[in-house]
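To start, the structure itself, in structure tokens.
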Amino acid sequence: MTHRCLLPMVLLLCFSTTALSRSYSLLRFQQRRSLAVCQKLLWQLPSTSQHCLEARMDFQMPEEMKQEQQFRKEDAILVMYEMLQHIFGILTRDFSSTGWSETIIEDLLEELYGQINRLEPIQKEIMQKQNFTMGDTTVLHLRKYYFNLVQYLKSKEYNRCAWTVVRVQILRNFSFLMRLTDYLRD
């Protein structure tokens, strides 16, 4: 009896993993839509005056984000997943000094969470293969970049100007994320 139930479950799991990893076009569509929603929500957050932009610094944005690079779809998934996790983590920090709407931030976090959940099964599948690729190097650069963003917020005690500078950085991140979705093709 156990074998009868086990075989269909194993086949279902194998099929769902294969189907999931092969539906990059659907994933691209979902990610682009969700990224556009995130950008729109970020633009709805009030920003402070231009003088805050004088407080910006070099966060050592990875070169891969500044220049056009060629990514395999697997690399793009790894990089997108890493970026979205860090952006989510940053936006869960103390933003009370900004005057930002909690509802907008919650909606933004919900969109980010949905994107992370869509990418996670494929990311895990890629990580199990343990192919060291360009995505791995980019991920290391991203970790340093996001560490610098968090340190900046902490050093400025999460003040309004610091959040304005970080918001601009996150908007740039979403532009790069949009470009990365182009690599998600079947």
Side-chain angles (χ1 to χ4, degrees), residues 16-17 19-48 52 56 59 61-62 64-66 69 71 73-127 135 138-139 141-150 152-154 158 160 162-186:
S16 65
T17 302
L20 182 63
S21 66
R22 302 291 179 233
S23 62
Y24 285 105
S25 293
L26 175 61
L27 180 63
R28 183 179 76 242
F29 171 77
Q30 291 169 331
Q31 291 298 105
R32 288 186 75 74
R33 185 206 56 77
S34 189
L35 288 168
V37 169
C38 288
Q39 284 179 311
K40 182 180 175 188
L41 289 167
L42 272 173
W43 281 112
Q44 289 176 13
L45 296 172
S47 61
T48 55
C52 285
R56 61 188 167 176
F59 296 105
M61 180 182 280
E64 298 89 339
M65 291 174 69
K66 295 179 189 175
Q69 298 283 327
F71 286 94
K73 62 186 165 192
E74 294 84 3
D75 295 331
I77 296 273
L78 292 176
V79 171
M80 290 172 67
Y81 183 79
E82 187 76 19
M83 290 178 71
L84 292 167
Q85 280 195 316
H86 284 287
I87 293 169
F88 185 91
I90 287 171
L91 291 172
T92 58
R93 296 181 180 273
D94 180 15
F95 61 89
S96 60
S97 67
T98 62
W100 291 350
S101 162
E102 285 188 36
T103 304
I104 291 175
I105 295 294
E106 287 171 6
D107 291 347
L108 183 55
L109 290 172
E110 188 176 311
E111 282 294 326
L112 289 168
Y113 185 74
Q115 290 181 60
I116 291 167
N117 279 341
R118 281 191 293 276
L119 291 171
E120 189 170 36
I122 301 171
Q123 182 265 354
K124 285 183 178 180
E125 185 179 311
I126 293 167
M127 294 303 286
T138 304
V139 165
H141 295 155
L142 285 169
R143 287 180 182 160
K144 182 176 182 182
Y145 167 71
Y146 288 111
F147 176 80
N148 290 340
L149 285 176
V150 170
Y152 176 76
L153 281 170
K154 285 180 182 178
Y158 300 96
R160 190 177 186 137
W163 273 111
T164 296
V165 170
V166 169
R167 178 180 161 265
V168 169
Q169 289 294 310
I170 292 173
L171 281 165
R172 287 181 182 161
N173 284 212
F174 279 112
S175 295
F176 179 65
L177 284 163
M178 280 293 212
R179 288 196 320 258
L180 280 175
T181 59
D182 292 336
Y183 294 103
L184 305 181
R185 300 192 187 278
D186 290 330

- Note on the structure: One should read off an interatomic distance between K40 NZ and L35 CG, to the nearest 0.5 angstrom, of 15.0 Å
Result block: side-chain N/O donor-acceptor pairs under 3.5 angstrom for residues 82-90, not counting sequence neighbours:
unit_1, atom_1, unit_2, atom_2, d
E82, OE1, R143, NH2, 3.4
E82, OE2, H86, NE2, 2.8
E82, OE2, R143, NE, 2.9
Q85, NE2, Y81, OH, 3.2

- Enter the distance from D75:CG to I126:CD1 here, rounded to the nearest 0.5 Å. 8.0 Å
- Set of side chain to side chain contact (heavy atoms under 4.5 Å, CB included) partners for R33, sequence neighbours left out: V37, E111
- Task: Could you tell me the separation between the CG atom of L180 and the CZ atom of F174, rounded to the nearest 0.5 Å?
- Result: 12.5 Å
- Message: If I take atom CD1 from residue I122 and atom CG from residue L184, how far apart are they, to the nearest 0.5 angstrom?
- Response: 8.0 Å
- Message: Tell me whether S101 contacts the main-chain N or O of I104 through its side chain, where contact means a donor paired with an acceptor under 3.5 Å.
- Response: yes
- Message: Measuring only between side-chain heavy atoms, which start at C-beta, is L27 closer than 4.5 Å to L119?
- Response: yes
- Query: Distance only, no hydrogens: is a donor on one side chain within 3.5 Å (strictly under) of an acceptor on the other, for S34 and Q115?
  - Reply: yes
- Partners passing side chain to side chain contact (heavy atoms under 4.5 Å, CB included) against K154 (at least two apart in sequence or in another chain): R93, V150, Q151, Y158
- Message: In the structure I gave you, are the side-chain heavy atoms of I105 and L45 within less than 4.5 Å of one another anywhere?
- Response: yes
- Is a donor on one side and an acceptor on the other found under 3.5 Å between the side chain of W163 and the backbone of S96? no
- Cation over ring, R160 on W100, under 6.0 Å and within 45°? no
- Message: Minimum heavy-atom separation for R32 and M178, please, with both atom names.
- Response: NH1-O, 3.0 Å
- Closest non-hydrogen atom pair between G99 and P46, with its separation: O-CG, 4.0 Å
- Query: Less than 4.5 Å apart, any side-chain heavy atom of Y145 and any of N148?
  - Reply: no
- Item | Residues, nucleotides or ligands: over 12 heavy atoms within 6.0 Å of E110 CD | no
- Message: Strictly distance-based, threshold 3.5 Å: is any side-chain N or O of R28 a donor or acceptor partner for the main-chain N or O of Y183?
- Response: no
- Message: Side chains of I77 and M80, heavy atoms from C-beta outward: is any pair under 4.5 Å?
- Response: no
- Note on the structure: Rounded to the nearest 0.5 Å, the CG atom of L149 sits from the CG atom of N173 at a distance of 7.0 Å
- Interatomic spacing from OH in Y146 to CD in Q169 - rounded to 0.5 Å: 9.0 Å
- Task: With the side chain counted from C-beta on, respond yes when L78 and F71 share a heavy-atom pair under 4.5 Å apart, and no when they do not.
- Result: no
- Message: Can you confirm whether S175 sits close enough to Q39 that some side-chain heavy atom of one is under 4.5 Å from a side-chain heavy atom of the other?
- Response: yes
